[in-house]
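Reckoned from all heavy atoms, side chains included, excluding hydrogens, waters and symmetry mates.
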Amino acid sequence: MEPLGDSEIRASFVNCSKGEARRMSLPRELDGLPWADLDFLGWRDPGAPDRGYLVTERAGEMVGVTLRVPQGGPRALTKTTMCSLCLTAHGGSGVSLLAARKVGASGRDGNTVGAYMCADLACSLYVRGKKTPLMSMRYKESLSVEERMDRLRGNLDDFLDKVLREG
């Protein structure tokens with residue numbers, strides 16, 4: 001992924017207002033991020049842990065979506081859960097259900113699309129072996145790193161297709 005600046009990131013969001021995009025907390029030290037190893041820029045808001053953000057390139061344009069952790073009951077900390085994007089298994093709270101408001105009238109009506117994702121949104125780093133889950137081991141796969149990267153991008157595209165589909 002090519003490095004992005006504040007204004008590019010804020011302008012990319014498709015499922016929130018321009019005011020919400022202006023007020024969101026961006027990751028600190030954008031210059032220090034491992035851009036070459038990112039398929040998407042994902043981060044959680046340290047001031048509002050129920051919020052997350054994801055920005056990626058689609059068809060030559062940057063697309064950003066806001067994510068929320070739905071309200072729910074307690075999670076079992078001994079359970080292993082798998083991210084639906086990168087297929088990394090995490091123990092405890094390493095995977096969260098994150099919901100994105102759909103675009104258009106459907107989103108204004110409150111419709112969302114959810115997926116279980118790495119809670120830290122570092123899928124790209126897990127796929128490349130640059131980061132390992134804290135309480136779990138990565139399953140041994142016969143796929144190459146490039147094939148796992150392609151799978152991650154495909155799963156992300158499928159998720160974004162649902163968010164961007166009106167109706």
Side-chain angles (χ1 to χ4, degrees), residues 1-6 8-16 20-21 23-58 61-72 75 77 79-103 107 112-139 141 145 148-164:
M1 182 171 193
E2 293 296 319
L4 301 172
D6 289 8
E8 292 171 289
I9 293 170
R10 292 181 194 284
S12 71
F13 283 89
V14 296
N15 69 340
C16 69
E20 288 172 308
R23 290 187 300 272
M24 71 179 54
S25 297
L26 296 180
R28 291 190 173 107
E29 301 179 23
L30 287 172
D31 294 337
L33 292 176
W35 291 102
D37 291 325
L38 298 180
D39 298 292
F40 64 88
L41 173 62
W43 73 98
R44 296 288 289 268
D45 186 338
D50 66 328
R51 293 185 191 154
Y53 307 97
L54 189 149
V55 177
T56 192
E57 185 178 342
R58 277 178 58 101
E61 292 186 27
M62 299 312 295
V63 174
V65 294
T66 60
L67 304 165
R68 295 280 178 143
V69 176
Q71 299 298 320
R75 300 233 359 223
L77 295 178
K79 188 175 171 182
T80 299
T81 312
M82 185 176 286
C83 172
S84 64
L85 298 182
C86 66
L87 304 186
T88 299
H90 293 270
S93 59
V95 170
S96 292
L97 175 61
L98 294 170
R101 186 171 59 211
K102 291 183 63 113
V103 299
T112 61
V113 175
Y116 286 95
M117 299 180 198
C118 293
D120 60 4
L121 295 169
C123 298
S124 299
L125 301 178
Y126 291 118
V127 164
R128 289 167 174 80
K130 307 271 181 171
K131 191 170 184 179
T132 55
L134 292 176
M135 298 175 55
S136 187
M137 291 177 41
R138 181 151 188 92
Y139 292 111
E141 292 188 271
V145 172
R148 291 194 304 262
M149 291 165 35
D150 287 342
R151 180 180 61 198
L152 167 61
R153 288 185 206 113
N155 290 341
L156 179 59
D157 278 341
D158 290 345
F159 174 73
L160 291 174
D161 285 345
K162 293 172 190 167
V163 173
L164 297 171

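The minimum heavy-atom distance linking L41 with P27 is given by the pair CD1-CG, 4.3 Å. Contact detail for A100 and L67: the closest heavy-atom pair is CB-CD2, 3.7 Å. The shortest non-hydrogen separation linking L4 to L30 is O-CD1, 3.9 Å. Contact between V95 and C83 at its shortest, heavy atoms only, is CG2-N, 3.9 Å. Residue L54 comes nearest to F40 through the heavy atom pair CG-CD1, 3.7 Å, listed as atom of the first residue, atom of the second, then distance. When all heavy atoms are compared, the tightest approach of S25 to Y53 is O-CE1, 4.2 Å.
Atom-to-atom distance recorded for M117:CE and S84:OG is 6.0 Å, nearest 0.5 angstrom. Considering CH2 of W43 and CG of L26, their distance stands at 5.5 Å, rounded to 0.5 Å. Here the CG atom belonging to N155 is positioned 13.5 Å from the CZ atom belonging to R148, to the nearest 0.5 angstrom. Rounding to the nearest 0.5 angstrom, the gap separating the CE atom in M149 from the SG atom in C86 is 13.0 Å.
Every residue meeting the side chain to side chain contact (heavy atoms under 4.5 Å, CB included) condition with V69, not counting sequence neighbours, appears here in chain and number order: R44, D50, L98. Applying the side chain to side chain contact (heavy atoms under 4.5 Å, CB included) test to P3 and every residue at least two apart in sequence or in another chain returns W35. Among residues two or more places apart in sequence or in another chain, the side-chain hydrogen bond (donor to acceptor under 3.5 Å, both in side chains) test is passed with D120 by Y126, K131. Applying the side-chain hydrogen bond (donor to acceptor under 3.5 Å, both in side chains) rule to D45 yields no partners; only residues at least two apart in sequence or on another chain are considered. Listed by chain and number, the residues in a salt bridge (charged side-chain N to carboxylate O under 4.0 Å, His left out) with K130 are D37 (sequence neighbours excluded). Residues passing the side-chain hydrogen bond (donor to acceptor under 3.5 Å, both in side chains) test with R58 are D157, D161, sequence neighbours excluded. By the salt bridge (charged side-chain N to carboxylate O under 4.0 Å, His left out) test, D158 is found to be paired with no residue, residues two or more places apart in sequence or in another chain being considered. Scanning for side-chain hydrogen bond (donor to acceptor under 3.5 Å, both in side chains) contacts around T66 gives N15, with sequence neighbours left out.
With V65 as the fixed residue, the side chain to side chain contact (heavy atoms under 4.5 Å, CB included) test singles out one of V103, V55, L160: L160.
Side-chain atoms of T81 and H90, non-hydrogen and from C-beta on, never get closer than 4.5 Å to each other. At least one side-chain heavy atom of R151 sits under 4.5 Å from a side-chain heavy atom of E141. Residues V163 and V63 fail the side-chain proximity criterion, which asks for heavy atoms closer than 4.5 Å. For the pair M62/M1, a side-chain contact is recorded, criterion being any heavy-atom separation below 4.5 Å from C-beta on.
Without hydrogens or angle criteria, S124 side chain to D39 main chain gives a donor-acceptor distance under 3.5 Å. For the pair R10 (side chain) and M24 (backbone), a donor-acceptor distance under 3.5 Å is present.
Listed by first and then second residue, the salt bridge (charged side-chain N to carboxylate O under 4.0 Å, His left out) pairs that reach into residues 93-103 are E20-R101, sequence neighbours excluded.
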